[in-house]
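Structure record follows, encoded as structure tokens.
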Amino acid sequence: MIFVIADIELAEGKQAAFLEAFHQLVPQVLAEEGCIEYGPAVDEETDIPVQIMNGNQIVTVMEKWASVDALKAHLTAPHMMVYREQVAELVKGTKLKILKPA
């Protein structure tokens, strides 16, 4: 199993539009072979002093996949190509962390 943490940087004021499109994508990704968990997350405001806030321009996607091969298949899945076109004007960039259990 691997973990993926994707930080998606959005254009100013586009979080709601992005999340609407993303939530439509989630069921398709969850149905992919090897997908264990897949969902967006945004900041929860707390009074914990060591918390790092991303702000409204970052949506973090928390993912679990059975293998790197399953992740690679996901990245090239037809519905992902359609999704990328849909959100192209909303997304400024994406950073991935791909991790394994230690």
Side-chain angles (χ1 to χ4, degrees):
M1 180 182 68
I2 61 168
F3 303 98
V4 178
I5 301 169
D7 284 329
I8 302 171
E9 183 181 2
L10 305 174
E12 184 72 35
K14 299 299 182 182
Q15 187 184 70
F18 173 82
L19 286 171
E20 182 178 334
F22 194 89
H23 283 291
Q24 292 175 13
L25 172 73
V26 170
Q28 296 171 75
V29 175
L30 290 172
E32 290 179 40
E33 185 173 337
C35 182
I36 300 167
E37 184 177 328
Y38 188 84
V42 295
D43 287 336
E44 171 69 33
E45 291 193 32
T46 73
D47 61 355
I48 299 173
V50 296
Q51 179 180 5
I52 298 170
M53 300 292 285
N54 286 322
N56 290 334
Q57 286 183 250
I58 301 287
V59 171
T60 299
V61 182
M62 309 298 290
E63 309 176 33
K64 288 183 189 176
W65 293 91
S67 65
V68 172
D69 287 339
L71 173 62
K72 287 180 180 179
H74 159 69
L75 294 173
T76 60
H79 54 266
M80 290 304 295
M81 301 305 176
V82 171
Y83 154 78
R84 284 190 195 102
E85 286 180 25
Q86 289 176 330
V87 300
E89 293 183 16
L90 308 175
V91 174
K92 291 174 68 176
T94 301
K95 294 179 183 176
L96 290 182
K97 287 185 182 181
I98 301 170
L99 309 164
K100 63 182 179 183

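As a basis for the values below, the full set of heavy atoms in this structure was taken, side chains included, without hydrogen atoms, waters or symmetry mates. Note that the structure is a prediction, hence the values are computed from the model and not measured.
- Taking each heavy atom of G55 and D43 in turn, the nearest pair found is N-OD2, 2.7 Å.
- Side-chain contact between P40 and H23: present, with at least one pair of heavy atoms (C-beta onward) separated by less than 4.5 Å.
- Taken together through direct or relayed side-chain contacts under 4.5 Å among Ile, Leu, Val, Met, Phe, Trp and Tyr, V4 and I36 form parts of separate hydrophobic clusters.
- Side chain of E9 to main chain of I58: no donor-acceptor pair is present (N/O by atom type, distance under 3.5 Å, no hydrogens or angles).
- Here the side chains of F22 and V61 are in contact, with some heavy-atom distance below 4.5 Å.
- In the hydrophobic cluster analysis, where Ile, Leu, Val, Met, Phe, Trp and Tyr join through side-chain heavy atoms closer than 4.5 angstrom, Y38 is grouped together with V42.
- More than 12 heavy atoms of other residues, nucleotides or ligands sit less than 6.0 Å from atom CD of E37.
- Looking at heavy atoms from C-beta onward, T60 lies in side-chain contact with N54 at the 4.5 angstrom threshold.
- Nearest heavy-atom pair across G34 and A70 is CA-CB, 3.9 Å.
- Side-chain contact between L99 and I5 is present, with at least one heavy-atom pair separated by less than 4.5 Å.
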Run the side-chain donor-acceptor check on residues 79-93: report pairs under 3.5 Å with partners two or more places apart or on a different chain.
{"residue": "H79", "atom": "NE2", "partner": "E32", "partner atom": "OE2", "Å": "2.7"}
{"residue": "R84", "atom": "NH1", "partner": "L75", "partner atom": "O", "Å": "3.1"}
{"residue": "R84", "atom": "NH2", "partner": "L75", "partner atom": "O", "Å": "2.9"}

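- Here the side chains of W65 and H74 are in contact, with some heavy-atom distance below 4.5 Å.
- Taking hydrophobic clusters as Ile, Leu, Val, Met, Phe, Trp and Tyr residues chained together by side-chain heavy-atom distances below 4.5 Å, L19 shares a cluster with V26.
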